[in-house]
Amino acid sequence: MKILVTGGAGYIGSVTAKALEDAGHTPVVLDSLLSGPLAFVRDRIFYEGDIADRALVRRIAAEHPDIDATIHMAARIVVPESVEKPYEYYRDNVAKSLELFDELNALGLNRVLFSSSASLYATKETFEVVEEDPLAPASPYARTKRMMEEVLEDMAAATDLRAIVLRYFNPIGSDPDLESGIYAKEPSHVLGQLVMAARGLKDSFTITGVEHPTRDGTGIRDYIHVWDVARAHVRAVEKFDEVIDSVGAPSTVINVGTGEGVTVRELVASFEKVFGRSVPVTEAPPRPGDAVGAYANVDKSAELLGWRSELSLDDAIASALAWGEKRQAILGYE
Ligand SMILES: NC(=O)c1ccc[n+]([C@@H]2O[C@H](COP(=O)([O-])OP(=O)(O)OC[C@H]3O[C@@H](n4cnc5c(N)ncnc54)[C@H](O)[C@@H]3O)[C@@H](O)[C@H]2O)c1
């Protein structure tokens, strides 16, 4: 199959492009390089440009009339930045995605997979969330994701567009061949911070929030190896029509997680075990907007995609550490 991957120069997009190739498919990357590095595109078919550039999307379709589906990952993704720059987030993630979907539909490219997020879920007492659970997107970023879920649902109901929304939990780790991974200079998420503390690039790792109603007071997440996330996309494009047929609706939402909740303290313990040394840890109050967290109920992905995560938390941590050693050679900065 040939698959258009918007945001294919990014972290998850580049790993997904690799997984598609591994399964014998051909990714066609569309990315503006707003944040993703050109080095992650490698030798793939690549169009540098904006998802809302309709003429460009038409040119891609004309040059690749055999595109079977689109994986729409291009987005702005930094939560605190979305609080400071709501215009840029709503413009890029909402208005531009809307243009893309309408153009895809006009071109008859009607299979769309959309990258959504577990950050949409409202806090639940058990922390294990199913797709129908109440949502409470807590930031402009999360609201852009929720809005596009609703847009897709409405467009799929009214047109030939068909949509599978994948709600990713917490992707970590890197490409299995260490060709791409986290590229932010100072990663804000927890594992990136741990790797920096472990490599002496910061004094200590700070646990933000130790009085949450979890088993040890720290936030709970569902960390999933990015390679597993990538493989879920391969399944979803391969089984696209089957999934839509079996749900009996023109669009559907599927959690992409491991099904295991891991607290921050548990993550630190696993990290120290894999790293082989302890990491200096300090504790601080939660940051504004910090969520207690959630982990995925994975019944729907198992049933519809025949997919479950295969790699362990330790595998993902080892992969992130290995990428930390390698990334300077690819990115030019530590
Ligand atoms: N990383 C996570 O933890 C996570 C969790 C849940 C959902 N997601 C979603 O997964 C997707 C991929 O995330 P990621 O972590 O790989 O992010 P990323 O920033 O590495 O990748 C996004 C890519 O989109 C490109 N892009 C942005 N705006 C564009 C535009 N208007 N036109 C063309 N290209 C554009 C960027 O240059 C970048 O390469 C995003 O939609 C994100 O919201 C990510």
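Read the numbers this way: they start at 1 and go in the same order the structure lists the ligands and their atoms. Note: hydrogens, waters and symmetry copies are ignored here, and every other heavy atom, side chains too, is used.
Atoms OG1 and CD1, on T218 and I207 in that order, are 6.0 Å from each other to the nearest 0.5 Å.
Counting non-hydrogen atoms of other residues, nucleotides and ligands closer than 6.0 Å to CD of E260 gives a total of 12 or fewer.
A ring-centre distance under 6.0 Å is found for Y168 and H233.
Around ligand 1, the residues contributing at least one heavy atom under 4.0 Å from the ligand are G7, A9, G10, Y11, I12, D31, S32, L33, L34, S35, G36, G49, D50, I51, M73, A74, A75, I77, K96, S115, S116, S117, Y141, K145, Y168, F169, P171, Y183.
At least one donor-acceptor pair under 3.5 Å links the side chain of R327 to the backbone N or O of I182. Checking side-chain atoms of T159 against main-chain N and O of L161 turns up a donor-acceptor pair under 3.5 Å.
Side chains of T258 and D222: a donor-acceptor N/O pair is present below 3.5 angstrom, by distance only.
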